[in-house]
There are 2 protein chains.
Amino acid sequence: MPHTAAVETEGRPIVTVDVALFTLLPEEGLAIVLGTRDRDPFAGRPALFGGFLRPGSDGSATDAAHRLLAEKAGLADVFVEQLMTFSGPDRDPRGWSVSIAYYALVPFGRLAEARPGLAVWPVGRMPPLAFDHDRIAAAALARLGGKASYSTLPAFLLPKTFTLPELKAVYEAVLGTALNDSAFRRKVMEMRILEEVPEKRGATAGVRRPAQLWRLAADRLVEFDRTV
Amino acid sequence: MPHTAAVETEGRPIVTVDVALFTLLPEEGLAIVLGTRDRDPFAGRPALFGGFLRPGSDGSATDAAHRLLAEKAGLADVFVEQLMTFSGPDRDPRGWSVSIAYYALVPFGRLAEARPGLAVWPVGRMPPLAFDHDRIAAAALARLGGKASYSTLPAFLLPKTFTLPELKAVYEAVLGTALNDSAFRRKVMEMRILEEVPEKRGATAGVRRPAQLWRLAADRLVEFDRTV
DNA sequence: GCAATAGTGTCTATCAGACAGTATTCG
DNA sequence: CGAATACTGTCTGATAGACACTATTGC
């Protein structure tokens, strides 16, 4: 007789996975990318990319997060990290529910390949979202801001190669504060988190000196023992 | 027909809450407090304090964590914080499962009021645990060590009132490294996280000067913008 | 050469670690 | 008074911020 006999099958909560996707707008800074609820509850409302966990086809909640980003945002190979899990009787009108929440970061340029119809809002003026997604988005933003200063997290909002002024700008956008230029360069160089790309970014429109291109030395998120 | 098939096609995963409880042993430092599985799977094996989430009676997963600590460890009013959520088809032999994991901290003295029969193991030599609880315990330890240096977290391993040498010792135990005495005192004082208790701890056994007693100024966890 | 941005060098203030020195208790 | 631990003061080295300075491009 299998162990499963003892498993309680009544009274299990709804289990969903919800992903708060962020990008960096060239002008307006950090922004959230949202889908639209296509059915009740909250039909028509902007929402995180979410859906039911599918035991059987999903290998883990993280797999589900990637699947949902592919299905609902049209994006594959995006940086995803677990945020935390929200739960309770009232957060979903369909019943007692658990949401395993994730945040994800995508470079602005990659939105061209995303599903059409996504909404992008600067994080300062987000619309009201479905369910308790406002709360999840706020928690994701807080985590982003907290983790940015001691990790390579903000770099995942940039394309694979980037210049130091671009890297500094994205740290400033996520941290919400200006950084000292020479100190930033010094620390980033001392921490050896970057690899030089043998190429420079030529002057774009205006008149300026082209900047050295770099890429992350490690493909994964790296945490520092100090601050940028 | 095996029950597992029904479980997985039924569409909702098993949802449990598991709590890794830590304490501070007077001699051996940081230790984990474990229960014993009283039924299959893993009957007789040491395990975190865990059980099924109970929608209907639990108001949230955090409520469930407190309930499980009360039921299985006999402890109420313990510091509890969400760690992260583990999931997958193989982590529980009963089927595809989600575990919302928490860590909890209790002063050693309070174990006197706990349920008898709990096992306490220094974190350096933990036995093999049921399910994937080893992995959860390792993640909890990593989080503890990471968060200790910029928060009041370690203080929740001490009784309500404590001396500065005791506070320094618990930071050292959790961080696994020695701290500079005068720098520690300076920083703790500058951060104003402590309130003086108008009392001193008299010499216990040996010969020594009694130390000033303090308590946390805030009842909740406080995070710093620097390191201790 | 000028404008504009990229990148460097250096001074200084701040903060953490080292450690000597003082304080307070018990026996 | 000596031993032991609690606590303080001060020196020094490391690090971050400020900011002036140099470098490299387009026009």
Side-chain angles (χ1 to χ4, degrees), chain A residues 26-27 148-151 154-155 158-159 161-173 175-215 223-228, chain B residues 26-27 148-151 154-155 158-159 161-173 175-215 223-228:
Chain A
E27 299 297 322
S149 60
Y150 65 92
S151 75
L158 293 177
T161 66
F162 46 80
T163 67
L164 279 185
E166 286 166 350
L167 187 65
K168 179 174 168 252
V170 70
Y171 271 92
E172 291 176 326
L175 292 171
T177 160
L179 296 175
N180 182 280
D181 187 58
S182 74
F184 180 81
R185 303 178 98 94
R186 192 167 48 207
K187 290 191 245 182
V188 161
M189 289 300 121
E190 280 169 2
M191 292 190 295
R192 313 203 154 279
I193 55 173
L194 300 183
E195 266 172 11
E196 201 166 329
V197 175
E199 206 179 321
K200 299 193 182 214
R201 167 147 314 156
T204 48
V207 175
R208 65 170 199 269
R209 171 177 174 181
Q212 182 62 49
L213 282 174
W214 303 83
R215 71 166 148 253
E223 298 188 9
F224 320 143
D225 51 3
R226 62 180 192 177
T227 210
V228 291
Chain B
E27 297 298 321
S149 60
Y150 65 91
S151 74
L158 293 177
T161 66
F162 46 80
T163 68
L164 279 184
E166 285 166 351
L167 187 64
K168 178 173 169 252
V170 69
Y171 271 92
E172 289 175 328
L175 292 170
T177 160
L179 296 175
N180 181 281
D181 187 57
S182 75
F184 180 81
R185 303 178 96 94
R186 193 166 47 208
K187 291 192 246 182
V188 161
M189 288 301 122
E190 280 170 1
M191 292 190 295
R192 315 203 151 277
I193 55 174
L194 300 184
E195 265 172 12
E196 203 168 327
V197 175
E199 208 178 321
K200 299 193 181 215
R201 166 148 316 156
T204 46
V207 175
R208 63 171 199 272
R209 172 179 173 180
Q212 182 60 51
L213 283 174
W214 303 83
R215 71 167 146 253
E223 299 190 8
F224 320 143
D225 51 3
R226 61 179 192 181
T227 210
V228 292

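Residue numbering restarts at 1 for every chain, and letters A, B, ... go by the order of the sequence lines. Predicted, not measured: the structure shown is a model, and the values here were computed from it.
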Original post:
Reading nucleotides 11-16 of chain D from the 5' end, what letters show protein touch, with B for base, S for backbone sugar-phosphate only, - for no heavy atom under 4.0 Å?
Top reply: -----B

Original post:
With respect to the phosphate group of dT25(C), does any side-chain polar atom (N or O) of Arg208(B) fall under 4.0 Å of OP1 or OP2?
Top reply: no

**OP:** Not counting sequence neighbours, which residues clear salt bridge (charged side-chain N to carboxylate O under 4.0 Å, His left out) with Glu195(A)? List them please.
**Re:** Arg215(A)

**OP:** Please report the shortest heavy-atom distance between Gln212(A) and Val197(A), naming the atom on each side.
**Re:** NE2-O, 2.6 Å

Original post:
Who pairs with Arg226(B) by salt bridge (charged side-chain N to carboxylate O under 4.0 Å, His left out), at least two apart in sequence or on another chain?
Top reply: Glu190(B)

Original post:
Bend angle of the helix from dG1(C)-dC27(D) to dG27(C)-dC1(D) from five-pair axes at both ends, rounded to 10°?
Top reply: 10°

Subject >> Partners passing ring pair (Phe, Tyr, Trp, His ring centres under 6.0 Å) against Tyr171(B) (at least two apart in sequence or in another chain) >> reply: Phe184(B)

**OP:** Measure distances between side-chain N and O atoms of Arg209(B) and base N and O atoms of dA23(C), and say whether any donor-acceptor pair falls under 3.5 Å.
**Re:** yes

Original post:
Between the side-chain atoms of Asn180(A) and the base atoms of dA18(D), is any donor-acceptor pair under 3.5 Å?
Top reply: yes

Subject >> Closest contact, heavy atoms only, Val228(A) versus Lys187(A) >> reply: C-NZ, 3.2 Å

**OP:** Classify the side chain of Ser182(A) and the base of dG9(C) as holding, or not holding, a donor-acceptor pair under 3.5 Å.
**Re:** yes

Subject >> salt bridge (charged side-chain N to carboxylate O under 4.0 Å, His left out) involving Glu223(A) - partner list, sequence neighbours excluded >> reply: Lys147(A)

Original post:
If you take atom types as modelled and just measure distance, does the side chain of Thr163(A) reach the base of dA6(C) with a donor-acceptor pair under 3.5 Å?
Top reply: no

